[in-house]
Structure formats: structure tokens, C-alpha cells
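Every value quoted in this text rests on a predicted model; they were computed, and no experiment measured them. Computation of the quantities below employed the complete heavy-atom set of this structure, encompassing side-chain atoms and omitting hydrogens, waters and symmetry-equivalent molecules.
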Amino acid sequence: QVQLVESGGGLVQAGGSLRLSCTASGGSFSSYNMGWFRQAPGKEREFVAGIAGSGGGTYSADSKKGRFTISRDNAKSTLYLQMNNLKPEDTAVYYCAAGRQISAAPWGYEYWGQGTQVTVSS
């Protein structure tokens, strides 16, 4: 059983930056592929970015490329999401997830964090 805890969310003005963290416990972090998703009110959960267990491969939703960067530190069992040039439409609850397969779909992940709120003001 893997437990995931996100942190780093908050209120930021448009054009600003935030770095989200997701700390894992209870499992072998490096053996899991990790992903970031987000969900805005009234919308479906949306894939943001993913990264392989080794950290050697990353993939992002097209709309996030260039602004969002996913990374991981396996020694610290921590996943990161650096978000730059934030826009009001980036406002959502951001979730990290762990799974055995590389996937951009929520059902590809076994474990989820509780989420952290990101609010971008205009």
C-alpha cells in the first residue's frame, strides 16, 4: 500500500509559479510510474504529466508542455510539478498518482493522494 501526500498548492496571480510536491510512503517509490492530474469543479479529472519510475521518461498533455515540468527524486520518494506562467484556467485540485503502467488515463493508476488546491487569480 502506497500513501501519497501532496503539498505546495495555494493562491497565485496569473503569470506566477508554483511547485507542487507529492511525498510517497509505504512502498518502493522508484518502482512506480507517477502522474499528476487535476480536476476543476464540474469537470472530469484531467491528465497533466507523467514520469517513469526511473525518471528517465516524461510525458505531458500537449496543452501543458512548455509551462509544466514533472520531475522526481527517488532518494526522497518525492514527485514534483513545476508550474510556470499560470493562468486562471489552471485553477483546480491537483492530484498525484502512482501506478505500474505508464498511462495518461486515471484508471492506469492504483494509488492517489488527497489533492492540493491551486487557485490562479486574474
Listed partners of Thr119 passing side chain to side chain contact (heavy atoms under 4.5 Å, CB included), at least two apart: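 If we apply the side chain to side chain contact (heavy atoms under 4.5 Å, CB included) test to Thr119, skipping adjacent residues, the hits are Leu11, Thr91, Gln117.
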
All side chain to side chain contact (heavy atoms under 4.5 Å, CB included) counterparts of Ser17, not counting sequence neighbours: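 Side chain to side chain contact (heavy atoms under 4.5 Å, CB included) check on Ser17 returns Gln82, Asn84.
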
In Å, rounded to the nearest 0.5 Å, how long is the span from [atom1] of [X] to [atom2] of [Y]?
{"X": "Leu86", "Y": "Arg67", "atom1": "CG", "atom2": "CZ", "result": "6.5 Å"}
{"X": "Cys96", "Y": "Leu4", "atom1": "SG", "atom2": "CG", "result": "4.5 Å"}
{"X": "Gln39", "Y": "Glu44", "atom1": "CD", "atom2": "CD", "result": "8.5 Å"}
{"X": "Lys87", "Y": "Ser121", "atom1": "NZ", "atom2": "OG", "result": "15.5 Å"}

Identified side-chain contact (heavy atoms from CB on, under 4.5 Å) partner of Val118 from the options Leu81, Asp90, Val93, Leu20: Leu20

With sequence neighbours excluded, residues passing side-chain hydrogen bond (donor to acceptor under 3.5 Å, both in side chains) with Tyr94: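 If we apply the side-chain hydrogen bond (donor to acceptor under 3.5 Å, both in side chains) test to Tyr94, skipping adjacent residues, the hits are Arg38.
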
Pairwise side chain to side chain donor-acceptor pair (under 3.5 Å) hits with a residue in residues 70-81, at least two apart: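 Matches after skipping sequence neighbours: Arg72-Asn74.
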
Minimum heavy-atom distance Gln114-Val5, with the two atoms named: OE1-CA, 3.8 Å

Heavy-atom closest pair, residues Ser122 and Ala14: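 Looking at all heavy atoms of both residues, the shortest contact is CA-CB, 4.3 Å.
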
For residues 98-112, run the donor-acceptor check on the side chains, cut-off 3.5 Å, and write out each pair with its distance to 0.1 Å, sequence neighbours left out.
residue	atom	partner	partner atom	Å
Arg100	NH1	Ser31	O	3.4
Arg100	NH1	Ser31	OG	3.0
Arg100	NH2	Tyr32	OH	3.2
Ser103	OG	Ala105	N	2.9
Ser103	OG	Ala105	O	3.3
Tyr109	OH	Tyr59	OH	3.3
Tyr109	OH	Ser103	O	2.5
Glu110	OE2	Arg100	N	3.4

Gly115 backbone acceptor or donor facing Glu6 side chain under 3.5 Å: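 Yes, because the side chain of Glu6 sits within donor-acceptor range (under 3.5 Å) of the backbone of Gly115.
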
